[in-house]
S.K.: 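Got a structure for you, questions after.
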Amino acid sequence: MDNYLDNLNESQREAVVHKDGPMIIIAGAGSGKTRVLTYRIAHLMNKGVDAFNILSLTFTNKAAREMKERIGTVVGTSEAKNLWMGTFHSVFARILRSEGHHLGFPSNFTIYDSQDSVRLITSIIKEMGLDKDVYKAKQILGRISSFKNSLITVKAYYNNPELMEADKMAQRPKIGEIYQQYVDRCFKSGSMDFDDLLLRTNQLLTQFPAVLAKYQDRFKYILVDEYQDTNHSQYLIVRALADRFQNICVVGDDSQSIYAFRGANIQNILNFQKNYDNVKIFKLEQNYRSSNNIVEAANSVIEKNKTKLDKEVWTDNSDGEKIKVMRTINEIKEGRFVADSIFENKMNNQLQNSDFAILYRTNSQSRAIEDALREKNIEYVIFGGLSFYQRKEIKDTLSYLRLLINPNDEEALKRVINYPLRGIGASTVDKLSVAANHYKKSIFEIICNLNKTDINLNAGVRTKLNNFATMIQHFKIEAETKDAYEVADFVVKQTRLVKDLEKDGTPEGVSRVENIQELLNAIKNFTVEQKEKGEDASLAFFLEDAALASDLDKASKDDTPKVSLLTIHLSKGLEFPYVYIVGLEENLFPSAMSMNTRSELEEERRLFYVALTRAEKQAYLCHAQMRYRWGKLVDCEPSRFLEEIDEKYLEHLTLKVAETKQNKFINEDIFGSVPQNKIRFKKPIQRAPIKKKASPKMEFQAPKNLKKVTGKPSASANLFDSNVAVGNRVEHTKFGRGEVLSLEGTGPNQKAEIRFASVGVKKLLLQFAKLKIIS
DNA sequence: AGATCTAGCATTTTT
DNA sequence: TGCTAGATCT
């Protein structure tokens with residue numbers, strides 16, 4: 001414990017021991033940033049700073065948990081427990097629970113996720129009689145969100161002629177009114193959306209000096225990780241809190257700023273020195289993670305960006321293998337290449353699945369990869385994507401739970417008031433909603449006070465509404481004495497959510513039941529863990545945790561090692577020995593939507609930089625010549641990022657003949673031509689909850705002795721396909737040796753462009769050209 | 001009120 | 001292409 005400083009290099013140690021005043025640590029990829037942060041906090045505590053006075057803001061709750069554990073090993077677990085650590089959202093949600101009353105919010109306020117927000121905006125647009133094609137709910141929410149991130153309240157909006165003019169020009173002059181409605185409705189429902197957690201905190205700190213003073217006093221030392229991805233709202237919160245003691249330490253890497261699309265402002269990190277006085281700058285430039293080839297290759301790419309801070313990332317590590325580049329015909333072959341390669345690497349190098357990660361730009365790319373991994377019987381986990389918590393049955397179940405914590409939660413109420421069906425239809429809900437707006441009460445309050453309103457409902461409906469309200473209140477009472485799991489279990493049984501689904505008997509129904517079961521398990525785990533730690537095991541706290549946990553947080557640490565599949569965004573902060581980056585094609589990565597401005601493109605490039613620097617030993621870059629996108633087959637150009645890497649770090653791969661043949665047999669002859677089986681692979685009955693895994697059982701169900709079937713196999717698999725692949729060295733009877741540059745067409749029409757040493761580039765019909773593949 | 005059908009969106013990334 | 005919310009029918 002005493003010599004923890006010995007584990008640090010010179011610059012790391014300086015950053016750890018420098019105690020007071022504003023400081024910025026510019027930390028290159030893999031430079032031991034987390035280590036510095038944890039040791040720094042531990043060091044502060046060793047120097048007598050009370051854990052209660054340290055606030056540390058991280059990007060995910062998982063990161064916070066892990067850091068806490070590591071600090072605990074240095075200073076003792078019980079002391080480390082007292083640290084304030086977590087994401088901006090979760091830390092300030094907690095503060096708002098106790099201080100929100102200043103702003104008129106109850107302590108049990110609900111946190112709306114984006115789905116709730118979109119639904120609320122949709123109904124507002126409808127109620128206002130606006131054209132939903134002009135006022136697209138999602139876009140409106142995006143606009144409102146960007147207002148909130150910049151601290152533009154409704155009032156500020158109306159005081160800003162430029163914003164209003166812009167909306168008018170865009171034919172959407174009513175945005176201000178929608179915004180106003182949205183804010184009012186959230187308030188009435190006792191709800192905050194994600195942006196509110198930051199905006200309301202800002203309001204709290206600016207409007208209530210006593211509250212500000214209290215937290216300024218409490219947080220004598222503030223540390224912010226991933227500072228490059230903070231938005232304006234977050235910047236202001238940090239600034240306000242640090243204003244008194246000025247002990248603010250921010251850590252980040254401008255080269256890894258990838259969240260501009262949700263309001264992150266790279267200027268926060270670029271201007272830190274201007275925003276605070278007497279800033280001390282520390283730079284961590286030695287990379288301990290990756291091979292020299294990877295570090296240098298990544299540097300050669302990021303150099304192309306104009307906006308960046310001055311730093312030089314280097315490593316002592318050996319060169320390692322070159323980065324492998326693989327071009328395939330389509331996304332199916334891309335998936336198979338990755339699966340085969342992982343298989344081979346595992347065999348040759350004694351590795352396990354958890355040594356591999358597959359990164360992609362968009363979630364939709366995971367499908368082809370999943371198929372290939374399943375075919376090869378390789379277990380995998382997917383992070384992100386359609387989150388477990390977004391599924392209908394889960395949201396429905398959670399809505400009941402939310403409602404008993406906060407009956408005014410309008411979005412939750414609307415979801416379940418007639419689910420399972422209890423004869424309270426749309427027209428009734430509309431009437432209630434109108435009354436609620438009129439009396440400025442929540443729908444639930446209206447239901448509880450039907451007699452005091454002039455609402456026109458028949459006796460039958462009134463009874464049903466009363467029963468509903470009674471049920472919820474009954475749940476509420478149960479919740480007072482039970483832990484989160486007991487309540488949830490009780491509610492699921494009472495509402496017959498599961499029983500109804502079980503009756504329906506369809507595969508979807510079965511999967512939904514399983515998902516609800518999985519949710520109950522998760523709540524059970526949560527309850528047990530919290531109790532073990534001696535922490536809050538209430539339902540309210542579970543709901544908050546569920547609302548603010550990132551997808552990474554939700555992944556269960558478990559048993560068998562698995563290959564990780566995730567978007568590059570989610571991969572920030574992680575590292576893997578072997579990394580496959582797939583879909584390196586123009587319009588996909590860089591994304592077609594991010595090529596309009598230099599700054600957007602630079603963000604894409606930073607994203608690529610992040611992807612590449614996740615790799616420790618080996619990186620593979622894959623791209624396909626064609627791929628299905630939104631149902632259409634699209635030709636794909638290789639990504640510009642491939643060309644931006646200095647060629648000397650790259651090696652272009654070719655498929656080996658034997659491999660190709662073997663794959664054809666396993667993948668196409670057996671499975672490809674049996675549609676029923678194919679369907680099972682494509683769409684696992686259950687896109688598994690929380691943790692996803694390849695299910696080995698499904699793997700070899702197709703009879704092994706299935707005869708070779710003629711007829712058209714799946715989309716791209718073609719019996720005529722030649723074994724020739726791009727990058728192959730081939731020998732032609734007339735032209736001699738050459739290299740395959742590209743392939744086009746399929747089946748008998750497949751052509752190859754080949755560069756021969758003797759005659760230059762030739763295009764040949766493979767059907768006729770007798771080629772011998774050399775390598 | 002409930003069941004069935006259909007059009008339109010989505011595929012850029014997420015707390 | 002596959003899903004969902006809203007529209008339309010019974």
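Only this structure's heavy atoms are used, side chains among them; waters, hydrogens and symmetry mates stay out. Below, chain A is the first sequence line, B the second, and so on; all start at residue 1.
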S.K.: Return no unless some side-chain N or O of A:S427 is found under 4.0 Å from OP1 or OP2 of B:dA1.
M.R.: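 A:S427 to B:dA1 OP1/OP2: side-chain N or O found under 4.0 Å.
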S.K.: Closest-nucleotide mapping onto DNA chain B: is A:K136 or A:F59 further toward the 5' terminus? I mean the 5' end.
M.R.: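 Result of the comparison: A:K136.
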S.K.: Between the base of B:dT15 and the side chain of A:R262, is there any donor-acceptor pair under 3.5 Å?
M.R.: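 By the distance-only test, no, there is no pair.
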S.K.: Output the single nucleotide from B:dT12, B:dT15, C:dA7 whose closest atom is nearest the side chain of A:S591.
M.R.: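 Selected nucleotide: B:dT12.
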S.K.: A:L570 has a side chain; which of B:dT12, B:dT14, C:dA5 sits nearest to it?
M.R.: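 So the side chain of A:L570 is nearest to B:dT14.
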S.K.: Calculate the interatomic distance between A:D131 atom CG and B:dG8 atom P; express it in whole Å.
M.R.: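 Whole-Å distance recorded here is 12 Å.
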S.K.: Could you pull out the closest heavy-atom pair between A:L413 and A:I443, with the gap in Å?
M.R.: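 Minimum heavy-atom contact is CD2-CG2, 3.5 Å.
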S.K.: Any donor-acceptor pair under 3.5 Å linking the side-chain atoms of A:E602 with those of A:T307?
M.R.: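 Per modelled atom types, A:T307 and A:E602 side chains form a pair under 3.5 Å.
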S.K.: Counting side-chain heavy atoms from C-beta on, which of B:dT11, B:dA1, B:dT15 comes nearest to A:S114?
M.R.: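 The answer is B:dT15, which lies nearest to the side chain.
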S.K.: Could you tell me whether A:S594 contacts a base, only the sugar-phosphate backbone, or nothing, with contacts defined as non-hydrogen atoms closer than 4.0 Å?
M.R.: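 Base contact.
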S.K.: Hey, does the side chain of A:N363 come within less than 4.0 Å of B:dT13's phosphate (OP1/OP2), counting only N and O?
M.R.: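 Yes, such a contact exists.
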S.K.: Check for a donor-acceptor pair, side chain of A:K431 on one end and backbone N or O of A:L457 on the other, with a separation under 3.5 Å.
M.R.: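 No.
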S.K.: Return whichever of A:L421 or A:L607 has its heavy-atom-nearest nucleotide of DNA chain B closer to the 5' end.
M.R.: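 With A:L421 and A:L607 compared, the 5'-side residue is A:L421.
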S.K.: Under 4.0 Å between a side-chain nitrogen and a carboxylate oxygen: does that hold for A:R336 and A:E375?
M.R.: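 The answer is yes: the pair qualifies as a salt bridge.
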S.K.: Given A:R627, which of A:E637, A:E585, A:E586 fulfils the salt bridge (charged side-chain N to carboxylate O under 4.0 Å, His left out) condition?
M.R.: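 It is A:E585; the other options fail the test.
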S.K.: Looking at B:dG2, B:dA1, B:dT15, which one has an atom nearest to any side-chain atom of A:T428?
M.R.: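 The nucleotide sitting nearest to the side chain is B:dA1.
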S.K.: As a test of reading the structure: which of B:dT11, B:dT13, B:dA1 is closest to the side chain of A:M593, going by heavy atoms?
M.R.: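 Selected nucleotide (nearest to the side chain): B:dT11.
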S.K.: Could you give the CZ-to-C1' distance, from A:R629 to B:dC9, as a whole number of Å?
M.R.: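 One finds 15 Å between C1' of B:dC9 and CZ of A:R629, rounded.
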S.K.: Using a 4.0 Å heavy-atom cut-off across all strands, classify A:N418 as base, sugar-phosphate, or nothing.
M.R.: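 Answer is sugar-phosphate: A:N418 comes under 4.0 Å of backbone atoms only.
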S.K.: Could you tell me the separation between the NZ atom of A:K132 and the P atom of B:dA7, rounded to a whole number of Å?
M.R.: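 My rounded result for the distance is 12 Å.
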S.K.: Contact class for A:Y259 (heavy atom, under 4.0 Å): base, sugar-phosphate, or nothing?
M.R.: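 Touches sugar-phosphate only.
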S.K.: What's the CD-P distance between A:E585 and B:dT11, to the nearest Å?
M.R.: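 Checked: the CD to P distance equals 18 Å.
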S.K.: Under 3.5 Å, is there a donor on one side chain and an acceptor on the other for A:S233 and A:N202?
M.R.: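 Side chains of A:S233 and A:N202: pair found under 3.5 Å.
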S.K.: Across the strands shown, which category fits A:D195 at heavy-atom distances under 4.0 angstrom: base, sugar-phosphate, nothing?
M.R.: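 Nothing: the residue A:D195, judged by heavy atoms under 4.0 Å, touches no strand.
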S.K.: Please determine, for the side chain of A:K138, which listed nucleotide (B:dT15, B:dA10, B:dG2) has the closest atom?
M.R.: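 Nearest to the side-chain atoms of A:K138, counting from C-beta on, is B:dA10.
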S.K.: Grab the CD-P distance between A:E127 and C:dG6 for me, whole Å please.
M.R.: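 About 13 Å, once rounded to whole Å.
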S.K.: What does A:R119 touch in the nucleic acid at a heavy-atom separation under 4.0 angstrom: a base, only the sugar-phosphate, or nothing?
M.R.: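 A:R119: backbone/sugar contact only, no base atoms under 4.0 Å.
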S.K.: Is NZ or CZ of A:K572 both nearer than 6.0 Å to the six-membered ring centre of A:Y259 and within 45° of the ring axis?
M.R.: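 No; the conditions do not both hold, so A:K572 does not lie above the ring face of A:Y259.
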S.K.: Check the distance between B:dG2's P and A:R422's CZ and give it to me in whole angstrom.
M.R.: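 Going from CZ in A:R422 over to P in B:dG2 covers 11 Å.
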S.K.: Could you tell me how far apart A:I237 (CD1) and B:dT15 (C1') are, to the nearest whole angstrom?
M.R.: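 Taking atom C1' of B:dT15 as the reference, CD1 of A:I237 is at 13 Å.
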S.K.: Assign A:K464 to base, sugar-phosphate, or nothing according to its heavy-atom contacts below 4.0 angstrom with the strands shown.
M.R.: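 The answer is nothing, as A:K464 stays clear of every strand by at least 4.0 Å.
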S.K.: Remember a base hit wins even if backbone is also touched, and classify A:T122 as base, sugar-phosphate or nothing at under 4.0 Å, heavy atoms.
M.R.: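 Contact class for A:T122: sugar-phosphate only.
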S.K.: Rounded to whole angstrom units, what separation is found between the OH atom of A:Y628 and the P atom of C:dG2?
M.R.: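 That distance rounds to 11 Å.
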S.K.: What is the nucleic acid contact for A:A426, judged by heavy atoms within less than 4.0 Å: base, sugar-phosphate only, or nothing?
M.R.: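 Contact class for A:A426: sugar-phosphate only.
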